[in-house]
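Treat the numbers as computed from the prediction; the structure is a model and nothing was measured. To find a chain, count down the sequence lines: A is the first, B the second, and so on, and within it residues start at 1.
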Amino acid sequence: MNKVFLFCLSLILLLSSCIELIDDLTIHNDGSGTFKYTMNLSSSKIKVNSILALDSINGKKVLSKAEIKSKINLFASHLKTQAGISNVSVSINDLELIVKFSCDFTSVSTLQNGLKNSLIAINNIKNTEDLNQNWLSYDGEVLKRNIPLFSITLSDHVKELDIDLLKTGNYTSINRFDRPIVKVEKVGAKINPSRTACMLKVSTYDLHKNYSLIDNCIYLSPIKNK
Amino acid sequence: MKKLMFFLLLVNFSNVKSQSELLIPKEAITVFSINNINLLQKISVDELIQYEFMEEVHQELFDGSTSEKTLKDAGIDFNQRLNVFYGKNNDYELSGFTFGVSDLTNLFEVFDDFEELQSKYDNTKLYGSFFNNLIIKNNAALLIRFEPSYELVNRKTDSIWYSRGNLPPFDFNEEAFNEEVFETEDSTYLEPIIYDQEELPIEIDDPNEKNYNELRDSVQITLQEALLTNLLDALFIDNLNLVKSDTRFSEQFTHPCEATFYFDNSRSFKTANGLWYFQTIMPSIYKDLQELYTGNIILGDLFLKEKSIDFMVKTYYGEELGDIYSEMNDAKFDKNIAKYIHKGNSAFFTYNVNMKKAYEKAYETIMPIISAEKNADVAMNVLMLELLNEFVDKDAVFDTYKGSMFGTFNGIKKINTKKIEFIYDEITFEYEEQETEAVEDMPVFTLGFSMGREDIPEIILRNLGKLTSKFEKHDDYWVLKNAILEAAPLYMISKNNLFIFTNDEDLAVNHSDGYGTNSLPKKLVRKLKRGGFMNGYLDIAGTLNRFPSDLLNNQQSEMINSLKGKSGKMYLGSSKTTNKLTAFNLKYEFNGTEYSGQHLLDLINTVYIFSK
């Protein structure tokens, strides 16, 4: 029976599937803001659940849903203790496989440091060189965004099987401000009619092949003095 | 008359044992003997050593000196058989092959790492290399690797080490143990343990006295030599080999087939491992149970045809085990099963057993063995079993689960699921969740069981239906929503004395009484009825070629990989089971343009991996 079940599961893994990622960053005039991150795997439930049902894949242990949940919660609890970070919230819909995360921050650098420290803590990362990079910078007028180096290192380990997961997926990056955007460097980024938000949508597969797709530089109009 | 003479000559020729099989050691548990090795003349040595069944001995060949050489150039005598063997028990593991030699010069161009050693056996030359030994007697050769088991070497080394008054050789580092073994929650895999220098065996002041590892190396080499000497003495002084020690193996050489297969399950390491608990905790039960396995042997013949290979296998067993099997397999093919197998299925199997008869026979045979054990735990278990046997309504149990079953793989189908989409407001770029229909690919399987009591699953399902709204009753079937991987429904059909689980909506909704004219053809059904307890069909291209071997363990993965890339069909049939044997016939029809000898090797390799 187990062998039949294993056979069924393993065939499922060959099938195509997709992932949807949304990062939503709001920056107020005073530099504080809110960061929201959403991962939606609901359209790949069969594939993801079939992977989660296995003990290991390619010789590596597959975490159970409970272990993944505990890891996310551990990340959130570390982030809560970081200076300048507040209102950390995590919701996990394990039926639809949607994870939502959000937090408020006092400045872009506190957000970046908080995320770095929490990642180091939960992943037991010893080599923190990749994490020294600033993937977010904001000087009050220009927001620069790059892809974090550690995520490139991690995605280099993505096997062919996992790349299938990215093929029909997409990554959406939204940046919101209190005042109008003057210019966006990235071709393809959309600006809303009030010019207070811009959205960049790329395929996760293309992003895996070319990390600079998500790099962007957003120029804001000067703050009006009252 | 000429034809008769030719026929007699042919029969006579096939009955004559060549020298090579007389070199197969009696310690071998698995043997492949390739008769018509002319088939392999075109196969290069490099190609041959890629097969797993050559892996234990291939280092000697795979050193560059064999490039572009075929077996024909290797000094091998094609009038003799090529016999590949393997054996393993708790104390040792051996592997190798025997073959005929036609030209020693050519042979040593391939086996160029061997050095001649002193031989104490008449007319026998002995050669050795780092891993293997080559022994040539007359015009036959034995290439063998014989190694003592890790456990045996440790046991002997420890015995000598402690008898010399030494302390334990390894320092136990509790801190390192805790860190490396247990604190792995955050890692996705276990890192290999790297011991610090101080954990190595302690250096001894006296340079003439060996430390633990040096002693262990010496013990290993001594044991290896002793094992090999015993084996060679038996072969070349006592003239004892597998052909002489097992008449069933010897008889196989009279079969006019391309290759034969021998597997002695009663001596198999796997069987011994399965009985480990009894061996260590209850040795008297172990002895009795081991007797059940006496005579348990699998013999097979491979017949190579133009576009197919027939593999005829006979499984023999001892009287008591045979009685259980023959009772168990005394079941008629349930004709209702055929209605639910679509004629276009990529793979299916049927399995007919009579669980009630098997239970009764096993109870009659095994209970006296267990009852005789004077052990409090066993006595309580015996009491429990005897009470259950008296109180439980066995007719109801075995009418509900008769034991016969079938399974099918119906290909990949699109199934409807739900997904959450994020819909964006184009003005604000805010987004919200919306449930939409989705279609996902899903491999479709069906698993069905014969039963005489349709009312029992109905009782269970009816009551489960009251507990959760996920169970829904329809006219012809039940459905459990999101049962498969929390996304796809599982359908249950209780009809025609069958209880069927499937994720095939079409079967449940439109064919709950079977596929009608699209089910298995009558001719095939008649064949299944006439056959034994097990039948199967597999379209290799439709199933195995899509199988992701990364997910399997090494042995399973090797087996699947050995058949990947092939196109063809496999049919498995079995005879009626008697209390002595069951015969199986595996027919492998191939469509490829590959050389037939390669197909033969592929199949041998698959069977080898399976039996290892």
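- In this structure, chain B has no heavy atom under 4.5 Å from any part of A/L97.
- If you measure heavy-atom distances from A/T38 to chain B, the contacts under 4.5 Å come from the side chain alone.
- With rounding to the nearest 0.5 Å, the separation of OG in A/S42 from CD in B/E435 is 9.0 Å.
- Residue B/Y431 touches chain A through its side chain alone, counting heavy-atom pairs closer than 4.5 Å.
- Both the backbone and the side chain of A/L95 come within contact range of chain B, with heavy atoms under 4.5 Å apart.
- Of the atoms belonging to B/T436, not a single heavy atom falls under 4.5 Å from chain A.
- Within a 6.0 Å radius of NZ in A/K144, no more than 12 heavy atoms belonging to other residues, nucleotides or ligands are found.
- B/T428 OG1 to A/R176 CZ: the interatomic distance, rounded to the nearest 0.5 Å, is 6.5 Å.
- Of the inter-residue distances, the one linking B/I420 atom CD1 with A/N93 atom CG reads 7.0 Å to the nearest 0.5 angstrom.
- In this structure, OG1 in A/T196 is found 8.5 Å from CZ in B/F429, a value given to the nearest 0.5 Å.
- A salt bridge between B/E433 and A/K100 is present, with a side-chain N of the basic residue lying under 4.0 Å from a carboxylate O of the acidic one.
- Within the 4.5 angstrom heavy-atom criterion, no atom of A/N175 approaches chain B.
- Looking at B/E430, both its backbone and its side chain come within 4.5 Å of chain A, counting heavy atoms on both sides.
- Between A/I174 and B/Y424, the closest side-chain pair of non-hydrogen atoms falls below 4.5 Å.
- Proximity of B/F422 to A/I98: side-chain heavy atoms (C-beta onward) are separated by under 4.5 Å at one or more points.
- B/K418 contributes no side-chain N or O that, together with a main-chain N or O of A/E96, makes up a donor-acceptor pair within less than 3.5 Å.
- Between B/E426 and A/K190, some side-chain heavy-atom pair lies under the 4.5 Å cut-off.
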